Amino acid sequence: MNLPFNVASHLDAALRASAALLGLTDRGFQPEVRVADPANGDFQANGALAFAKSEKQNPRALAQQIVDQLGQLDADFDINLAGPGFINFRLKPGALLGWLQAYDSEAHLQAGAASVRLGQTWLVDYSSPNTAKQMHVGHLRSAVIGEAICRLLAFSGARVIRDNHIGDWGTQFGKLIWAYKRHLDQAALASEPLEEFERLYKLGNSSAEADPAVLTEAQQELVKLQAGDAANLAIWHEINRASLAAFQEIYDQLGIRFDFTHGESFYNDKVERIYRELSEAGLARESEGALVVFHPEHPRFAKQPFLIRKKDGAANYASSDLATVLYRAEHFHADGIVVVTDYRQADHFEQLYLTARKWFAAKNHPLPELHHVTFGAVTGEDGKALKTRDGGTIRLKDLLHEAQERAFQLVSERSPDFPEAERREIAGVVGVASVQYADLSQNRSSDYVFAWDKMISLEGNTAAYLLYAVARIRSIFRKAGLDPAQPALAGATAPETAQEVALARKLVKFSDATLLATSTLRPHFLSLYLYELAGEFSAFYAADKVIVEDEVVRTRRLLLCHRTLVVLETGLHLLGLRTLERM
RNA sequence: GCGGGCAUAGCUCAACUGGAUAGAGCGCCAGACUACGAAUCUGGAGGUUUGGGGUUCGACUCCCUAUGCCCGCACCA
């Protein structure tokens with residue numbers, strides 16, 4: 001029989017069926033199938049251990065009983081027991097070949113993966129910079145991780161909505177508009193709008209500090225804006241338009257395109273309903289003039305309030321975020337919402353989701369899965385967080401530019417015979433991919449130590465290593481005179497040499513890597529897999545020559561090359577990276 | 001003060017959420033191109049997983065505790 005895209009799920013089903021025959025399922029038996037250390041097999045089932053423990057049985061004997069019921073599986077697997085009761089499954093070469101023949105393109109991999117979240121809608125809120133400000137290195141993580149998560153969710157079958165929740169509403173606009181009206185440099189606005197807005201804000205800020213009369217004027221500008229004054233609203237729109245255009249230049253380099261840009265201002269007219277519903281639900285109450293929510297059952301939030309309306313009656317980010325959750329649930333019918341921000345907002349989102357769950361239950365609103373995807377701070381080499389107002393922050397624009405310049409020097413060194421235009425294009429891909437991959441290859445929870453050399457380095461577990469593997473495979477196909485889009489590989493036989501088998505076994509586990517990365521919303525699991533796959537390929541490449549006289553051997557190896565190419569490219573695209581023909 | 005997070009090889013990071021002998025890269029040492037791209041590959045050295053206790057067939061992972069660093073905590077987001 002043909003193995004499905006996810007072989008582990010196939011084993012899981014078989015083990016459940018076997019356990020059911022033994023009457024174990026009702027008593028809580030779980031197979032616990034996972035990818036095994038290659039020395040032990042391809043997959044292992046650990047469930048017998050935990051179950052035997054709870055039933056006070058001999059785990060090894062129990063595992064043996066389960067295995068005895070697995071009859072037809074031994075066509076595809078070598079099955080054996082090990083240790084205290086591990087069940088090991090090793091794919092036979094013929095089964096490996098069958099899987100490789102079935103999953104021969106990005107489209108077929110996608111089709112195999114898409115059953116998990118078919119019919120679901122997921123909304124991902126990421127990047128979310130403030131308007132009128134440069135994006136700096138701290139904005140990189142949310143954008144890069146968020147985009148990878150979008151692609152992973154889409155790969156698992158979901159309809160994905162990308163929403164850029166920009167910070168386009170706040171007290172800073174009073175000072176900015178004050179300065180805009182008096183000191184705007186039209187030429188600077190046209191060429192470098194964000195620099196000009198930053199200059200104007202600083203000017204407005206320092207003027208207000210120096211002169212109380214200016215502060216009053218700035219506050220009045222803000223009041224006028226919030227009241228809908230036409231002139232101020234026009235300036236505000238201009239600021240947003242120019243900011244978004246500047247952001248999009250960066251998003252274009254990162255391969256990001258949002259479906260919606262519903263910033264904070266979008267929810268201005270939606271907060272009244274929040275106050276009303278939360279009060280009706282008995283969740284919100286007045287405290288020190290403000291409207292707040294306490295959670296008596298919670299160790300911290302019993303006393304630390306969730307402040308949803310300021311004492312002056314104005315909304316804040318809590319009210320705005322509550323309105324955002326409701327809008328996404330009602331308007332988009334989202335099954336899941338993912339918000340990608342740094343971990344310092346963890347308290348806020350815990351309070352937000354705690355409140356939303358109680359509120360939705362009280363009001364019978366359909367509740368989506370709510371996820372706050374956090375990531376560590378970007379720190380300097382001293383381990384301290386880089387802050388926006390520190391003089392030394394690195395602009396994202398400059399970072400990407402320098403990455404590409406460094407990549408260009410390297411490409412020119414390695415491939416001096418390529419035309420300059422092509423070297424530029426390669427450097428663009430390699431430079432940006434290096435920056436993205438540096439972020440995606442490590443667990444997002446940990447702090448990110450910012451260092452040029454580490455980020456742009458093209459050695460070890462880096463984008464360049466993976467792109468190089470892709471380029472080498474494409475080179476093989478050029479040499480063999482075959483089109484990797486439509487290779488003539490009919491009649492390919494099962495893997496034979498140690499390196500062929502190792503590579504084939506790794507390829508089959510692509511589905512487990514994407515599943516793990518998606519279910520945990522941690523793209524680094526996919527990065528790690530791709531790095532290991534590229535390593536297996538490199539070892540295979542060094543040991544087994546592909547383009548040989550013997551046609552059987554050649555076809556067999558070309559099949560492996562081709563599937564490696566497809567899986568590597570599919571995986572890199574899922575991470576949001578572009579790939580190359582040669583480099 | 002209250003609460004959260006982190007601590008793994010010299011350095012940067014993994015370890016599939018309680019599974020088998022804790023793995024990679026960089027750096028170091030020794031090898032491999034008149035072979036499809038050496039941005040590569042093959043070996044080697046390197047560990048009391050911050051210290052101390054506990055839970056169990058099994059702990060980097062869970063609990064307690066000590067230390068160190070980071071972060072949040074009433075009207076910024």
Side-chain angles (χ1 to χ4, degrees), chain A residues 32 34-37 39-40 44 46 49-50 52-53 59 82-86 88 128 130 167 169-172 264 287-292 298-301 303-312 314 316-318 320-321 341-348 350 374 376-377 379 383-385 410-411 413-415 430 441-443 445-447 449 451 453-454 457-462 464-465 467-469 471-480 509 512-513 515-517 519-520 522 524-525 527-529 531-532 535 538-548 554 557 561 582-583:
Chain A
E32 293 184 35
R34 61 195 61 189
V35 171
D37 184 318
N40 297 325
Q44 63 184 55
N46 299 346
L49 284 89
K53 182 180 178 179
F86 299 111
N88 290 331
S128 308
N130 291 326
W169 200 251
T171 49
Q172 74 272 24
E264 286 157 9
S287 172
E288 297 177 29
L291 193 63
V292 303
H298 194 281
R300 229 169 330 146
F301 305 139
K303 299 214 166 140
Q304 184 180 317
F306 191 48
L307 203 146
I308 66 172
R309 189 181 61 204
K310 302 196 282 186
K311 68 181 171 196
D312 65 3
N316 66 353
Y317 73 125
S320 166
D321 280 358
T341 81
D342 69 87
Y343 68 93
R344 286 174 299 179
Q345 296 190 42
D347 270 9
H348 168 70
E350 197 179 339
T374 61
T379 74
K384 303 226 165 158
L410 205 71
V411 175
E413 220 172 86
R414 304 283 173 173
S415 304
V430 173
S441 62
Q442 76 173 257
N443 191 326
S445 300
S446 42
D447 283 354
V449 179
D453 287 341
K454 190 195 160 215
S457 162
L458 303 181
E459 292 173 325
N461 185 7
T462 62
Y465 181 79
L467 293 174
Y468 179 65
R472 283 214 292 201
I473 298 173
R474 290 197 167 273
S475 173
I476 290 171
F477 278 90
R478 275 195 301 276
K479 211 97 185 175
K509 287 155 195 152
D512 300 287
L515 217 52
L516 185 62
S519 64
T520 58
R522 291 182 187 272
H524 82 282
F525 285 119
S527 302
L528 181 66
Y529 167 82
Y531 175 59
E532 288 171 352
S538 294
F540 156 78
Y541 179 88
D544 295 336
K545 188 167 164 65
V546 176
I547 302 179
V548 293
R554 183 164 68 175
R557 291 181 181 167
C561 288
R582 59 177 194 164
M583 62 190 278

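Note: hydrogens, waters and symmetry copies are ignored here, and every other heavy atom, side chains too, is used. Owing to the predicted nature of the structure, the values given are computational and were not obtained by experimental measurement. The chains referred to below are lettered A, B, ... by the order of the sequence lines, with proteins before strands, and numbering in each begins at 1.
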Side chain of Lys545(A) only, please: which of C41(B), C36(B), C70(B) is the nearest? C36(B)
Can Tyr541(A) be said to stack with the base of C36(B), given centres closer than 5.5 angstrom and planes under 30 degrees apart? yes
From the candidates C75(B), A39(B), U40(B), the one with an atom nearest any side-chain atom of Arg472(A) is U40(B)
Counting side-chain heavy atoms from CB outward, which of U40(B), A15(B), C75(B) is closest to His524(A)? A15(B)
What integer number of Å spans the C1' atoms of C36(B) and G27(B)? 32 Å
The side chain of Gln304(A) lies closest to which of these nucleotides: G37(B), G19(B), C73(B)? C73(B)
Would you please classify the geometry between the His348(A) ring and the Phe306(A) ring as parallel, tilted or perpendicular, with 30° and 60° separating the classes? tilted
Hey, is the side chain of Thr341(A) pairing donor to acceptor with the base of A77(B) inside 3.5 Å? no
Can you tell me if the side-chain N/O atoms of Ser538(A) get under 4.0 Å from OP1 or OP2 in U40(B)? no
Looking only at the side chain of Lys310(A) (C-beta and beyond, no hydrogens), which of the listed nucleotides C76(B), A77(B), G37(B) gets closest? C76(B)
Of all the choices, G58(B), C36(B), A74(B), which nucleotide is nearest to the side chain of Lys53(A) once you look at every atom? G58(B)
Watson-Crick or G-U wobble mate for U61(B), both contacts under 3.5 Å: none
Report the C-alpha separation of Tyr465(A) and Tyr531(A) in whole Å, then their side-chain angles, then the decisive distance to 0.1 Å, and conclude whether the ring-ring contact (aromatic ring centres under 6.0 Å, His included) test is met. CA-CA 8 Å; Tyr465(A) 181 79; Tyr531(A) 175 59; 5.4 Å; yes
Decide, for U21(B), between syn and anti: a glycosidic angle within 90° of 0 counts as syn, anything else as anti. anti
What's the CG-P distance between Asn461(A) and A39(B), to the nearest Å? 18 Å
Counting only side-chain heavy atoms from C-beta out, which of C41(B), C70(B), C16(B) sits nearest to Tyr343(A)? C70(B)
Between A20(B) and C60(B), how far apart are the C1' atoms? Round to whole Å, please. 15 Å
Please confirm whether the backbone N or O of Gly376(A) pairs with a side-chain atom of Asp447(A), one donor and one acceptor, at under 3.5 Å? no
So does Arg414(A) get a side-chain nitrogen or oxygen closer than 4.0 Å to the phosphate oxygens (OP1/OP2) of A39(B)? yes
Write down the partner of G25(B) under the Watson-Crick or G-U wobble criteria, each distance required to be under 3.5 Å. C11(B)
With a 3.5 Å cut-off and heavy atoms only, can you find an N or O donor on one side and an acceptor on the other between the side chain of Tyr468(A) and the base of A39(B)? no
Taking the minimum atom-to-atom distance to the side chain of Tyr317(A), which one of C36(B), A77(B), A39(B) wins? A77(B)
Write down the partner of G68(B) under the Watson-Crick or G-U wobble criteria, each distance required to be under 3.5 Å. C6(B)
Looking only at atom types and distance, does a side-chain atom of Asn316(A) sit under 3.5 Å from a main-chain N or O of Leu307(A), one as donor and one as acceptor? yes
Lys479(A), nearest nucleotide to its side chain (from C16(B), C36(B), C41(B)): C36(B)
Between A74(B), C70(B), A39(B), which one does the side chain of Ser287(A) approach most closely? A74(B)
How should the glycosidic conformation of C33(B) be described, syn or anti, under the criterion that syn lies within 90° of 0? syn
For Glu288(A) and C75(B), give me the distance from atom CD to atom C1', rounded to whole Å. 10 Å
Taking the nucleotide of RNA chain B with the closest heavy atom to each, which residue, Ala82(A) or Arg522(A), is nearer the 5' end? Arg522(A)
Between the side-chain atoms of Asn443(A) and the base atoms of A15(B), is any donor-acceptor pair under 3.5 Å? no
Grab the CD-P distance between Glu413(A) and G37(B) for me, whole Å please. 20 Å
Measure the distance from CZ on Phe525(A) to P on A15(B) and round it to the nearest whole Å. 5 Å
Residue closer to the 5' end of RNA chain B, Gln44(A) versus Ser441(A) (nearest nucleotide): Ser441(A)
Between CG of Asn46(A) and P of G58(B) the distance, given in whole Å, is 16 Å
Quick test of the criterion, 5.5 Å between centres and less than 30° between planes. Is Phe86(A) stacked on A20(B) or not? yes
Between A7(B) and C16(B) - P atom distance, rounded Å: 13 Å
